[in-house]
Amino acid sequence: MEKGFLKSLLNSFYDLLPIVVVIGFFQLVVLQQPIPNLLEILTGSFFVLIGLTLFVQGLEMGLFPLGESLAFAFARKGSLTWLLLFAFALGFGTTVAEPALIAVAQEAANVAAEGQVIEGTEQARNDYAFGLRLTVALSVGFAIVIGVLRIVRGWPLQYLIIGGYLGVIVMTLFAPPEIIGIAYDSGGVTTSTITVPLVTALGVGLASSIRGRNPMVDGFGLIAFASLTPMIFVMAYGMIG
Amino acid sequence: MVQNLLQTFWATIADVLPIALIIVGFQSLVIRRPIANMSRVGFGFLYVLVGLAFFLLGLEMALFPIGKLMAQQLAAPEFIMGVEHASAAGKSPDWIQYHWVYVFALAIGFSTTIAEPALLAVALKAHQESGGVIGVWGLRIAVAIGVALGIALGAYRIITGTPLHWYIIAGYVIVIFQTLYAPRMIIPLAYDSGGVTTSTVTVPIVAALGLGLASNVPGRNPVFDGFGLIAFASLFPIITVMAYAQVSAWWAKYQ
(Lines give C-alpha, C1' and ligand atoms only; values in the text may rest on other atoms or scores of the structure.)
Protein backbone atom coordinates (compact mmCIF):
# COMPACT_ATOMS: atom_id res chain seq x y z
CA MET A 1 0.00 0.00 0.00
CA GLU A 2 1.10 3.50 -0.66
CA LYS A 3 0.85 7.13 0.38
CA GLY A 4 1.01 6.17 4.03
CA PHE A 5 -1.74 3.85 5.18
CA LEU A 6 -1.85 5.56 8.55
CA LYS A 7 -2.44 8.95 6.99
CA SER A 8 -5.39 7.74 4.95
CA LEU A 9 -6.70 5.91 8.02
CA LEU A 10 -6.66 9.26 9.82
CA ASN A 11 -8.48 10.89 6.89
CA SER A 12 -11.19 8.24 7.05
CA PHE A 13 -11.47 8.90 10.78
CA TYR A 14 -12.22 12.58 10.07
CA ASP A 15 -14.80 11.54 7.45
CA LEU A 16 -16.66 9.42 9.99
CA LEU A 17 -16.34 11.68 13.02
CA PRO A 18 -19.46 13.81 12.25
CA ILE A 19 -21.77 10.76 12.31
CA VAL A 20 -20.36 9.61 15.66
CA VAL A 21 -20.92 13.08 17.14
CA VAL A 22 -24.50 13.36 15.79
CA ILE A 23 -25.59 9.89 16.92
CA GLY A 24 -23.92 10.31 20.31
CA PHE A 25 -25.53 13.71 20.90
CA PHE A 26 -29.04 12.58 20.00
CA GLN A 27 -28.82 9.34 21.97
CA LEU A 28 -27.34 10.81 25.16
CA VAL A 29 -28.67 14.39 25.24
CA VAL A 30 -31.95 14.46 23.29
CA LEU A 31 -33.36 10.96 23.82
CA GLN A 32 -31.43 10.50 27.09
CA GLN A 33 -30.80 6.81 26.66
CA PRO A 34 -27.63 4.76 27.08
CA ILE A 35 -25.77 3.49 24.01
CA PRO A 36 -26.79 -0.16 23.51
CA ASN A 37 -24.31 -2.94 22.52
CA LEU A 38 -21.30 -0.72 22.93
CA LEU A 39 -18.84 -3.49 21.99
CA GLU A 40 -20.63 -4.31 18.74
CA ILE A 41 -20.83 -0.62 17.84
CA LEU A 42 -17.10 -0.18 18.46
CA THR A 43 -16.24 -3.24 16.34
CA GLY A 44 -18.57 -2.06 13.59
CA SER A 45 -17.06 1.44 13.62
CA PHE A 46 -13.60 -0.10 13.31
CA PHE A 47 -14.79 -2.10 10.26
CA VAL A 48 -16.27 1.05 8.69
CA LEU A 49 -12.97 2.85 9.21
CA ILE A 50 -10.86 0.06 7.68
CA GLY A 51 -13.36 -0.41 4.84
CA LEU A 52 -13.42 3.27 3.86
CA THR A 53 -9.61 3.45 3.91
CA LEU A 54 -9.24 0.37 1.68
CA PHE A 55 -11.94 1.68 -0.66
CA VAL A 56 -10.15 5.01 -1.16
CA GLN A 57 -6.81 3.24 -1.77
CA GLY A 58 -8.46 0.94 -4.31
CA LEU A 59 -10.15 3.91 -5.99
CA GLU A 60 -6.84 5.55 -6.88
CA MET A 61 -5.18 2.24 -7.82
CA GLY A 62 -7.99 0.46 -9.62
CA LEU A 63 -11.27 2.18 -10.48
CA PHE A 64 -9.97 5.56 -11.70
CA PRO A 65 -7.19 4.10 -13.92
CA LEU A 66 -9.62 1.47 -15.23
CA GLY A 67 -12.25 4.02 -16.26
CA GLU A 68 -9.63 6.24 -17.87
CA SER A 69 -7.88 3.42 -19.73
CA LEU A 70 -11.23 2.28 -21.15
CA ALA A 71 -11.96 5.82 -22.30
CA PHE A 72 -8.56 6.13 -23.99
CA ALA A 73 -8.90 2.70 -25.63
CA PHE A 74 -12.31 3.57 -27.11
CA ALA A 75 -11.07 6.98 -28.25
CA ARG A 76 -8.10 5.34 -29.99
CA LYS A 77 -10.32 2.74 -31.60
CA GLY A 78 -12.49 5.53 -32.96
CA SER A 79 -15.72 3.52 -33.21
CA LEU A 80 -18.67 5.47 -31.83
CA THR A 81 -20.99 2.45 -32.14
CA TRP A 82 -18.89 0.29 -29.82
CA LEU A 83 -18.46 3.15 -27.38
CA LEU A 84 -22.22 3.72 -27.21
CA LEU A 85 -22.88 -0.01 -26.87
CA PHE A 86 -20.40 -0.12 -24.00
CA ALA A 87 -22.06 2.92 -22.43
CA PHE A 88 -25.47 1.26 -22.59
CA ALA A 89 -24.18 -2.05 -21.20
CA LEU A 90 -22.44 -0.26 -18.32
CA GLY A 91 -25.54 1.74 -17.39
CA PHE A 92 -27.98 -1.15 -17.74
CA GLY A 93 -25.74 -3.82 -16.21
CA THR A 94 -24.75 -1.89 -13.11
CA THR A 95 -28.30 -0.77 -12.36
CA VAL A 96 -30.36 -3.90 -12.89
CA ALA A 97 -28.71 -5.73 -9.95
CA GLU A 98 -28.38 -2.68 -7.67
CA PRO A 99 -29.64 -3.64 -4.17
CA ALA A 100 -31.05 -0.17 -3.40
CA LEU A 101 -33.12 -0.33 -6.58
CA ILE A 102 -34.41 -3.83 -5.76
CA ALA A 103 -35.62 -2.51 -2.40
CA VAL A 104 -37.30 0.56 -3.93
CA ALA A 105 -38.99 -1.55 -6.63
CA GLN A 106 -40.47 -3.83 -3.97
CA GLU A 107 -41.76 -0.79 -2.04
CA ALA A 108 -43.28 0.56 -5.21
CA ALA A 109 -45.08 -2.72 -5.85
CA ASN A 110 -46.59 -2.50 -2.35
CA VAL A 111 -47.77 1.03 -3.07
CA ALA A 112 -49.32 -0.08 -6.35
CA ALA A 113 -51.10 -2.98 -4.62
CA GLU A 114 -52.35 -0.70 -1.83
CA GLY A 115 -53.61 1.82 -4.38
CA GLN A 116 -55.30 -1.06 -6.26
CA VAL A 117 -53.37 -0.35 -9.42
CA ILE A 118 -52.36 -4.01 -9.55
CA GLU A 119 -53.76 -7.09 -7.85
CA GLY A 120 -52.62 -7.79 -4.30
CA THR A 121 -51.15 -11.21 -5.08
CA GLU A 122 -47.49 -12.08 -4.58
CA GLN A 123 -47.14 -12.86 -8.28
CA ALA A 124 -48.55 -9.52 -9.42
CA ARG A 125 -46.29 -7.63 -7.04
CA ASN A 126 -43.17 -9.45 -8.15
CA ASP A 127 -43.99 -8.89 -11.81
CA TYR A 128 -44.57 -5.21 -11.17
CA ALA A 129 -41.31 -4.86 -9.21
CA PHE A 130 -39.33 -6.68 -11.89
CA GLY A 131 -40.83 -4.57 -14.66
CA LEU A 132 -39.93 -1.44 -12.72
CA ARG A 133 -36.33 -2.61 -12.25
CA LEU A 134 -35.99 -3.26 -15.98
CA THR A 135 -37.48 0.16 -16.71
CA VAL A 136 -35.02 1.95 -14.44
CA ALA A 137 -32.06 -0.07 -15.77
CA LEU A 138 -33.07 0.75 -19.35
CA SER A 139 -33.37 4.41 -18.45
CA VAL A 140 -29.88 4.47 -16.90
CA GLY A 141 -28.42 2.69 -19.96
CA PHE A 142 -30.12 5.30 -22.15
CA ALA A 143 -28.81 8.08 -19.88
CA ILE A 144 -25.17 6.98 -20.15
CA VAL A 145 -25.54 6.71 -23.95
CA ILE A 146 -26.88 10.27 -24.21
CA GLY A 147 -24.24 11.50 -21.77
CA VAL A 148 -21.37 9.90 -23.70
CA LEU A 149 -22.75 11.18 -27.00
CA ARG A 150 -22.85 14.66 -25.48
CA ILE A 151 -19.17 14.44 -24.48
CA VAL A 152 -18.18 13.25 -27.97
CA ARG A 153 -20.20 15.92 -29.76
CA GLY A 154 -19.51 18.68 -27.22
CA TRP A 155 -23.16 19.59 -26.61
CA PRO A 156 -23.70 21.92 -23.64
CA LEU A 157 -25.02 19.99 -20.65
CA GLN A 158 -27.41 22.58 -19.23
CA TYR A 159 -29.85 22.59 -22.17
CA LEU A 160 -30.19 18.81 -22.06
CA ILE A 161 -30.65 18.73 -18.28
CA ILE A 162 -33.13 21.62 -18.25
CA GLY A 163 -34.98 19.89 -21.08
CA GLY A 164 -35.06 16.81 -18.86
CA TYR A 165 -36.50 18.86 -15.97
CA LEU A 166 -39.29 20.06 -18.27
CA GLY A 167 -39.88 16.40 -19.17
CA VAL A 168 -40.19 15.56 -15.46
CA ILE A 169 -42.66 18.42 -14.90
CA VAL A 170 -44.82 17.45 -17.88
CA MET A 171 -44.84 13.79 -16.81
CA THR A 172 -45.81 14.83 -13.26
CA LEU A 173 -49.00 16.41 -14.61
CA PHE A 174 -50.13 13.16 -16.19
CA ALA A 175 -48.69 10.42 -13.97
CA PRO A 176 -50.86 8.76 -11.29
CA PRO A 177 -50.21 10.63 -7.99
CA GLU A 178 -49.11 7.55 -6.02
CA ILE A 179 -46.17 6.85 -8.36
CA ILE A 180 -44.72 10.40 -8.20
CA GLY A 181 -42.88 10.02 -4.87
CA ILE A 182 -41.27 6.75 -5.95
CA ALA A 183 -40.34 8.15 -9.35
CA TYR A 184 -38.65 11.19 -7.80
CA ASP A 185 -36.75 9.01 -5.33
CA SER A 186 -35.65 6.49 -7.97
CA GLY A 187 -33.40 9.13 -9.53
CA GLY A 188 -31.24 9.23 -6.44
CA VAL A 189 -30.86 5.55 -5.69
CA THR A 190 -29.68 4.25 -9.03
CA THR A 191 -26.03 5.22 -8.93
CA SER A 192 -24.02 2.92 -6.69
CA THR A 193 -20.73 3.44 -4.91
CA ILE A 194 -18.76 1.49 -7.52
CA THR A 195 -20.56 2.84 -10.59
CA VAL A 196 -20.01 6.50 -9.68
CA PRO A 197 -16.16 6.52 -9.68
CA LEU A 198 -16.02 4.30 -12.77
CA VAL A 199 -18.47 6.38 -14.80
CA THR A 200 -16.88 9.65 -13.64
CA ALA A 201 -13.41 8.45 -14.68
CA LEU A 202 -14.84 7.30 -18.03
CA GLY A 203 -16.38 10.70 -18.73
CA VAL A 204 -13.34 12.67 -17.68
CA GLY A 205 -11.06 10.29 -19.62
CA LEU A 206 -13.17 10.71 -22.78
CA ALA A 207 -13.18 14.49 -22.46
CA SER A 208 -9.40 14.59 -22.03
CA SER A 209 -8.69 12.31 -25.00
CA ILE A 210 -10.92 14.17 -27.48
CA ARG A 211 -9.41 17.33 -28.91
CA GLY A 212 -11.26 20.52 -27.97
CA ARG A 213 -13.00 19.07 -24.90
CA ASN A 214 -12.37 20.30 -21.38
CA PRO A 215 -12.45 17.65 -18.61
CA MET A 216 -14.31 19.95 -16.18
CA VAL A 217 -16.89 21.37 -18.60
CA ASP A 218 -17.39 18.25 -20.74
CA GLY A 219 -16.18 15.34 -18.60
CA PHE A 220 -18.64 15.58 -15.71
CA GLY A 221 -22.38 15.20 -16.20
CA LEU A 222 -22.88 11.47 -16.82
CA ILE A 223 -24.24 10.91 -13.29
CA ALA A 224 -26.60 13.86 -13.78
CA PHE A 225 -28.26 12.08 -16.71
CA ALA A 226 -28.36 8.81 -14.79
CA SER A 227 -30.31 10.44 -11.97
CA LEU A 228 -32.71 12.32 -14.25
CA THR A 229 -33.98 9.75 -16.77
CA PRO A 230 -35.25 7.21 -14.18
CA MET A 231 -37.78 9.80 -12.93
CA ILE A 232 -39.27 10.19 -16.41
CA PHE A 233 -39.20 6.47 -17.21
CA VAL A 234 -40.74 5.43 -13.87
CA MET A 235 -43.63 7.88 -14.29
CA ALA A 236 -44.15 6.51 -17.79
CA TYR A 237 -44.16 3.00 -16.31
CA GLY A 238 -46.79 4.12 -13.78
CA MET A 239 -48.98 5.46 -16.57
CA ILE A 240 -48.78 2.29 -18.66
CA GLY A 241 -48.59 -0.34 -15.87
CA MET B 1 -19.54 -12.42 12.68
CA VAL B 2 -17.23 -14.29 10.31
CA GLN B 3 -20.34 -15.66 8.62
CA ASN B 4 -21.77 -12.13 8.34
CA LEU B 5 -18.54 -10.88 6.84
CA LEU B 6 -18.54 -13.67 4.24
CA GLN B 7 -22.19 -12.96 3.44
CA THR B 8 -21.57 -9.24 2.96
CA PHE B 9 -18.51 -10.08 0.89
CA TRP B 10 -20.56 -12.32 -1.43
CA ALA B 11 -23.27 -9.67 -1.73
CA THR B 12 -20.65 -7.11 -2.73
CA ILE B 13 -19.19 -9.49 -5.31
CA ALA B 14 -22.64 -10.15 -6.74
CA ASP B 15 -23.11 -6.39 -6.98
CA VAL B 16 -19.82 -5.90 -8.82
CA LEU B 17 -20.02 -8.99 -11.02
CA PRO B 18 -22.08 -7.43 -13.86
CA ILE B 19 -19.64 -4.50 -14.06
CA ALA B 20 -16.63 -6.83 -14.10
CA LEU B 21 -18.21 -9.04 -16.80
CA ILE B 22 -19.04 -6.08 -19.03
CA ILE B 23 -15.53 -4.64 -18.72
CA VAL B 24 -13.79 -7.99 -19.25
CA GLY B 25 -16.07 -8.74 -22.22
CA PHE B 26 -15.45 -5.44 -23.99
CA GLN B 27 -11.78 -5.49 -23.08
CA SER B 28 -11.16 -8.92 -24.59
CA LEU B 29 -13.62 -8.86 -27.54
CA VAL B 30 -13.70 -5.23 -28.68
CA ILE B 31 -10.62 -3.39 -27.43
CA ARG B 32 -8.29 -6.41 -27.55
CA ARG B 33 -5.46 -4.71 -25.77
CA PRO B 34 -4.22 -5.47 -22.29
CA ILE B 35 -4.95 -2.88 -19.57
CA ALA B 36 -1.83 -0.94 -18.52
CA ASN B 37 -0.54 -1.95 -15.07
CA MET B 38 -2.92 -4.88 -15.00
CA SER B 39 -1.85 -6.29 -11.65
CA ARG B 40 -2.00 -2.89 -9.94
CA VAL B 41 -5.51 -2.26 -11.27
CA GLY B 42 -6.49 -5.78 -10.20
CA PHE B 43 -5.27 -5.17 -6.67
CA GLY B 44 -7.05 -1.83 -6.63
CA PHE B 45 -10.31 -3.55 -7.63
CA LEU B 46 -9.76 -6.09 -4.86
CA TYR B 47 -9.20 -3.31 -2.30
CA VAL B 48 -12.45 -1.68 -3.42
CA LEU B 49 -14.33 -4.97 -2.99
CA VAL B 50 -12.90 -5.86 0.41
CA GLY B 51 -13.14 -2.25 1.57
CA LEU B 52 -16.79 -1.93 0.57
CA ALA B 53 -17.66 -5.26 2.23
CA PHE B 54 -16.09 -4.15 5.54
CA PHE B 55 -17.72 -0.72 5.19
CA LEU B 56 -21.20 -2.18 4.69
CA LEU B 57 -20.85 -4.78 7.45
CA GLY B 58 -19.57 -2.11 9.83
CA LEU B 59 -22.51 0.18 9.01
CA GLU B 60 -24.89 -2.74 9.54
CA MET B 61 -23.36 -3.37 12.98
CA ALA B 62 -22.70 0.15 14.25
CA LEU B 63 -24.82 2.75 12.52
CA PHE B 64 -28.00 1.39 10.94
CA PRO B 65 -29.70 -0.21 14.00
CA ILE B 66 -29.21 2.81 16.27
CA GLY B 67 -29.80 5.37 13.49
CA LYS B 68 -33.04 3.78 12.32
CA LEU B 69 -34.34 3.36 15.87
CA MET B 70 -33.46 6.98 16.58
CA ALA B 71 -35.36 8.19 13.51
CA GLN B 72 -38.44 6.24 14.65
CA GLN B 73 -38.20 7.43 18.26
CA LEU B 74 -37.83 11.10 17.37
CA ALA B 75 -40.99 10.96 15.25
CA ALA B 76 -43.05 9.06 17.85
CA PRO B 77 -45.93 10.99 19.49
CA GLU B 78 -44.61 10.04 22.99
CA PHE B 79 -41.47 12.01 22.28
CA ILE B 80 -43.15 14.91 20.47
CA MET B 81 -45.91 15.65 23.00
CA GLY B 82 -44.72 13.88 26.14
CA VAL B 83 -46.05 10.52 27.39
CA GLU B 84 -49.08 11.90 29.26
CA HIS B 85 -50.34 14.02 26.32
CA ALA B 86 -49.83 11.36 23.67
CA SER B 87 -52.75 9.28 24.90
CA ALA B 88 -55.16 12.24 24.85
CA ALA B 89 -57.26 11.42 21.82
CA GLY B 90 -57.94 13.83 19.01
CA LYS B 91 -54.96 16.05 19.70
CA SER B 92 -52.42 16.24 16.94
CA PRO B 93 -49.11 18.10 17.29
CA ASP B 94 -48.29 21.33 15.52
CA TRP B 95 -45.54 21.18 12.87
CA ILE B 96 -43.26 23.29 15.07
CA GLN B 97 -43.37 20.67 17.84
CA TYR B 98 -41.28 18.43 15.63
CA HIS B 99 -38.26 20.73 16.07
CA TRP B 100 -35.94 17.88 17.11
CA VAL B 101 -36.87 16.04 13.92
CA TYR B 102 -35.65 19.01 11.84
CA VAL B 103 -32.42 19.27 13.84
CA PHE B 104 -31.89 15.52 13.42
CA ALA B 105 -32.62 15.72 9.67
CA LEU B 106 -30.10 18.54 9.27
CA ALA B 107 -27.41 16.84 11.34
CA ILE B 108 -27.81 13.33 9.95
CA GLY B 109 -28.03 14.60 6.35
CA PHE B 110 -24.82 16.55 6.76
CA SER B 111 -22.83 13.87 8.59
CA THR B 112 -23.81 10.87 6.46
CA THR B 113 -22.99 12.83 3.29
CA ILE B 114 -19.48 13.60 4.56
CA ALA B 115 -18.97 9.84 5.04
CA GLU B 116 -20.35 8.91 1.58
CA PRO B 117 -17.58 7.12 -0.41
CA ALA B 118 -19.03 7.93 -3.87
CA LEU B 119 -19.01 11.66 -3.11
CA LEU B 120 -15.42 11.42 -1.87
CA ALA B 121 -14.48 9.78 -5.20
CA VAL B 122 -16.10 12.55 -7.25
CA ALA B 123 -14.52 15.24 -5.05
CA LEU B 124 -11.04 13.72 -5.50
CA LYS B 125 -11.53 13.59 -9.26
CA ALA B 126 -12.83 17.17 -9.44
CA HIS B 127 -9.90 18.40 -7.34
CA GLN B 128 -7.47 16.66 -9.68
CA GLU B 129 -9.11 17.83 -12.93
CA SER B 130 -9.63 21.44 -11.84
CA GLY B 131 -5.93 21.75 -11.02
CA GLY B 132 -6.72 22.21 -7.34
CA VAL B 133 -9.21 25.08 -7.78
CA ILE B 134 -12.04 22.98 -6.37
CA GLY B 135 -11.19 21.83 -2.86
CA VAL B 136 -12.08 18.30 -1.80
CA TRP B 137 -13.51 19.50 1.51
CA GLY B 138 -15.09 22.61 0.02
CA LEU B 139 -17.11 20.56 -2.44
CA ARG B 140 -18.07 17.91 0.11
CA ILE B 141 -19.21 20.51 2.65
CA ALA B 142 -21.24 22.34 -0.01
CA VAL B 143 -22.94 19.06 -0.97
CA ALA B 144 -23.48 18.09 2.68
CA ILE B 145 -25.18 21.42 3.43
CA GLY B 146 -27.45 20.79 0.44
CA VAL B 147 -28.41 17.32 1.65
CA ALA B 148 -28.98 18.64 5.19
CA LEU B 149 -31.33 21.40 3.99
CA GLY B 150 -33.04 19.02 1.58
CA ILE B 151 -33.81 16.37 4.19
CA ALA B 152 -34.99 18.93 6.75
CA LEU B 153 -37.36 20.48 4.21
CA GLY B 154 -38.45 16.99 3.13
CA ALA B 155 -39.29 16.17 6.76
CA TYR B 156 -41.32 19.39 7.00
CA ARG B 157 -43.18 18.37 3.86
CA ILE B 158 -44.12 14.96 5.27
CA ILE B 159 -45.23 16.54 8.56
CA THR B 160 -47.40 19.18 6.87
CA GLY B 161 -48.57 16.80 4.14
CA THR B 162 -48.01 19.30 1.31
CA PRO B 163 -47.59 17.90 -2.23
CA LEU B 164 -44.06 16.82 -3.17
CA HIS B 165 -44.04 17.98 -6.77
CA TRP B 166 -44.50 21.69 -5.96
CA TYR B 167 -41.29 21.65 -3.89
CA ILE B 168 -39.35 19.80 -6.57
CA ILE B 169 -40.60 22.06 -9.37
CA ALA B 170 -39.70 25.15 -7.31
CA GLY B 171 -36.23 23.62 -6.81
CA TYR B 172 -35.88 23.14 -10.57
CA VAL B 173 -36.75 26.79 -11.17
CA ILE B 174 -34.00 27.85 -8.73
CA VAL B 175 -31.52 25.51 -10.47
CA ILE B 176 -32.39 26.95 -13.89
CA PHE B 177 -31.88 30.54 -12.68
CA GLN B 178 -28.59 29.68 -11.00
CA THR B 179 -27.39 27.94 -14.17
CA LEU B 180 -27.69 31.25 -16.01
CA TYR B 181 -25.35 33.02 -13.58
CA ALA B 182 -23.01 30.35 -12.15
CA PRO B 183 -19.42 29.94 -13.42
CA ARG B 184 -19.53 27.62 -16.45
CA MET B 185 -16.94 25.23 -15.05
CA ILE B 186 -19.01 24.26 -12.01
CA ILE B 187 -22.31 23.46 -13.77
CA PRO B 188 -21.65 19.82 -14.81
CA LEU B 189 -20.09 19.01 -11.44
CA ALA B 190 -23.04 20.60 -9.62
CA TYR B 191 -25.55 18.56 -11.64
CA ASP B 192 -23.55 15.39 -10.92
CA SER B 193 -23.41 16.06 -7.21
CA GLY B 194 -27.17 15.60 -6.98
CA GLY B 195 -26.94 11.95 -7.94
CA VAL B 196 -23.83 10.88 -6.06
CA THR B 197 -24.85 12.06 -2.62
CA THR B 198 -27.50 9.55 -1.85
CA SER B 199 -26.04 6.09 -1.68
CA THR B 200 -24.65 3.63 0.82
CA VAL B 201 -24.73 5.58 4.08
CA THR B 202 -27.50 8.12 3.61
CA VAL B 203 -30.34 6.14 2.01
CA PRO B 204 -31.11 3.57 4.77
CA ILE B 205 -31.28 6.15 7.60
CA VAL B 206 -33.16 8.71 5.56
CA ALA B 207 -35.64 6.06 4.41
CA ALA B 208 -36.19 5.10 8.06
CA LEU B 209 -36.83 8.75 8.93
CA GLY B 210 -39.36 9.07 6.12
CA LEU B 211 -41.14 5.88 7.14
CA GLY B 212 -41.05 6.84 10.83
CA LEU B 213 -42.66 10.22 10.12
CA ALA B 214 -45.23 8.86 7.69
CA SER B 215 -46.37 6.17 10.14
CA ASN B 216 -46.44 8.43 13.24
CA VAL B 217 -47.73 11.81 12.05
CA PRO B 218 -51.55 11.79 12.25
CA GLY B 219 -53.20 11.69 8.84
CA ARG B 220 -50.20 10.33 6.93
CA ASN B 221 -50.17 6.94 5.25
CA PRO B 222 -46.80 5.14 5.49
CA VAL B 223 -47.35 3.55 2.08
CA PHE B 224 -47.90 6.81 0.19
CA ASP B 225 -46.23 9.58 2.21
CA GLY B 226 -42.88 8.07 3.19
CA PHE B 227 -41.24 8.79 -0.16
CA GLY B 228 -39.63 11.98 -1.36
CA LEU B 229 -36.76 12.56 1.07
CA ILE B 230 -34.20 11.10 -1.37
CA ALA B 231 -35.57 13.37 -4.09
CA PHE B 232 -34.95 16.42 -1.88
CA ALA B 233 -31.49 15.13 -0.99
CA SER B 234 -30.57 14.83 -4.67
CA LEU B 235 -31.95 18.23 -5.69
CA PHE B 236 -30.60 20.58 -3.04
CA PRO B 237 -26.88 19.79 -3.46
CA ILE B 238 -27.14 21.10 -7.05
CA ILE B 239 -28.29 24.43 -5.63
CA THR B 240 -25.67 24.61 -2.86
CA VAL B 241 -22.75 23.55 -5.08
CA MET B 242 -23.59 26.28 -7.60
CA ALA B 243 -24.01 28.72 -4.71
CA TYR B 244 -20.59 27.66 -3.39
CA ALA B 245 -19.00 28.47 -6.77
CA GLN B 246 -20.90 31.76 -7.03
CA VAL B 247 -19.81 32.83 -3.55
CA SER B 248 -16.18 31.80 -4.25
CA ALA B 249 -16.13 33.77 -7.51
CA TRP B 250 -17.68 36.80 -5.81
CA TRP B 251 -15.20 36.57 -2.91
CA ALA B 252 -12.22 36.35 -5.31
CA LYS B 253 -13.45 39.50 -7.09
CA TYR B 254 -14.12 41.34 -3.83
CA GLN B 255 -10.57 40.75 -2.63
Side-chain angles (χ1 to χ4, degrees), chain A residues 15-16 18-19 22-23 26 30-31 40-41 44-45 47-48 50-52 54-55 57-59 61-63 65-66 69 73 82 86 89-90 93-94 97 100 111 114 157-158 161-162 165 169 172 178 180-182 184-185 187-188 191 193-194 196-197 200 204 215-217 220-221 223-224 227, chain B residues 16 18-19 22 26 30-31 33 35-36 40-41 44-45 47-48 50-52 54-55 57-59 61-62 66 70 73 100 104 107-108 111 114-115 117-118 121-122 125 129-130 164-165 168-169 172 176 179 185 187-189 191-192 194-196 198-200 203 223-224 227-228 230-231 234:
Chain A
D15 294 340
L16 298 168
I19 297 191
V22 168
I23 294 283
F26 272 88
V30 180
L31 293 168
E40 193 172 333
I41 286 185
S45 308
F47 282 176
V48 171
I50 294 285
L52 189 60
L54 278 176
F55 177 83
Q57 293 264 338
L59 208 61
M61 281 171 64
L63 285 189
L66 187 63
S69 96
W82 279 118
F86 176 74
L90 195 66
T94 55
V111 172
E114 189 94 354
L157 178 67
Q158 55 269 39
I161 295 292
I162 292 173
Y165 286 165
I169 294 172
T172 304
E178 64 274 4
I180 291 174
I182 300 157
Y184 284 8
D185 273 4
T191 44
T193 311
I194 293 173
V196 165
T200 304
V204 169
M216 282 304 293
V217 176
F220 289 91
I223 308 291
S227 33
Chain B
V16 175
I19 309 179
I22 290 163
F26 273 85
V30 180
I31 296 174
R33 268 166 183 271
I35 300 170
R40 205 177 122 83
V41 170
F45 217 90
Y47 283 172
V48 165
V50 175
L52 209 55
F54 267 108
F55 190 73
L57 179 68
L59 287 178
M61 286 170 67
I66 192 170
M70 198 170 269
Q73 282 173 337
W100 278 119
F104 181 73
I108 208 76
S111 58
I114 293 292
V122 169
K125 200 79 204 159
E129 297 301 326
S130 65
L164 173 65
H165 53 272
I168 300 294
I169 291 172
Y172 284 167
I176 292 171
T179 305
M185 193 182 82
I187 293 171
L189 185 64
Y191 287 173
D192 266 3
V196 299
T198 44
S199 66
T200 328
V203 170
V223 185
F224 297 121
F227 293 96
I230 312 283
S234 9

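Throughout, a chain's letter reflects where its sequence line sits, starting with A, and its residues are numbered from 1. Note that these values count all heavy atoms, side chains included, but never hydrogens, waters or copies made by symmetry. Keep in mind the model is a prediction, meaning the values are calculated, not measured.
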Among B/Val196, B/Ile187, B/Asp192, B/Val48, who wins on heavy-atom pairs under 4.5 Å with chain A? B/Asp192
Greatest number of heavy atom pairs closer than 4.5 Å to chain A - which of B/Leu59, B/Ile66, B/Leu57: B/Ile66
Apply ring pair (Phe, Tyr, Trp, His ring centres under 6.0 Å) to B/Tyr172 and list each qualifying residue two or more places apart in sequence or on a separate chain. A/Tyr165
Rounded to the nearest 0.5 Å, how far apart are [atom1] of [X] and [atom2] of [Y]?
X        : Y        : atom1 : atom2 : answer
A/Met216 : B/Glu129 : CE    : CD    : 8.0 Å
B/Ile22  : A/Leu90  : CD1   : CG    : 6.0 Å
A/Ile162 : B/Thr179 : CD1   : OG1   : 4.5 Å
A/Ser69  : B/Ile31  : OG    : CD1   : 7.0 Å
A/Ile23  : B/Phe104 : CD1   : CZ    : 5.5 Å

Is it the backbone or the side chain of [X] that comes under 4.5 Å from a heavy atom of chain A, or both, or neither?
X        : result
B/Ser234 : side chain
B/Phe26  : side chain
B/Ile108 : both

Could you tell me which residues satisfy side-chain hydrogen bond (donor to acceptor under 3.5 Å, both in side chains) with A/Thr193, sequence neighbours excluded, listed by chain and number? B/Thr200
Output the option from [options] having the highest count of non-hydrogen pairs under 4.5 Å with chain B.
options                              : result
A/Thr172, A/Ile161, A/Ile180         : A/Ile161
A/Gly93, A/Pro65, A/Gly58            : A/Gly58
A/Asp15, A/Ile41, A/Leu157, A/Asp185 : A/Asp185
A/Thr200, A/Leu66, A/Leu16, A/Ile50  : A/Leu66

Below 4.5 Å from any heavy atom of chain B, which atoms of [X] appear? Answer side chain, backbone, both or neither.
X        : value
A/Ser45  : both
A/Val204 : side chain
A/Val48  : both
A/Leu63  : side chain

Would B/Val30 and A/Phe86 satisfy side-chain contact (heavy atoms from CB on, under 4.5 Å), going step by step from the backbone distance to the final call? CA-CA 10 Å; B/Val30 180; A/Phe86 176 74; over 6 Å; no
Using the benzene-type ring in the case of Trp, are the ring centres of B/Phe55 and A/Phe55 under 6.0 Å apart? no
Min side-chain heavy-atom separation B/Val122-A/Phe220 under 4.5 Å: yes
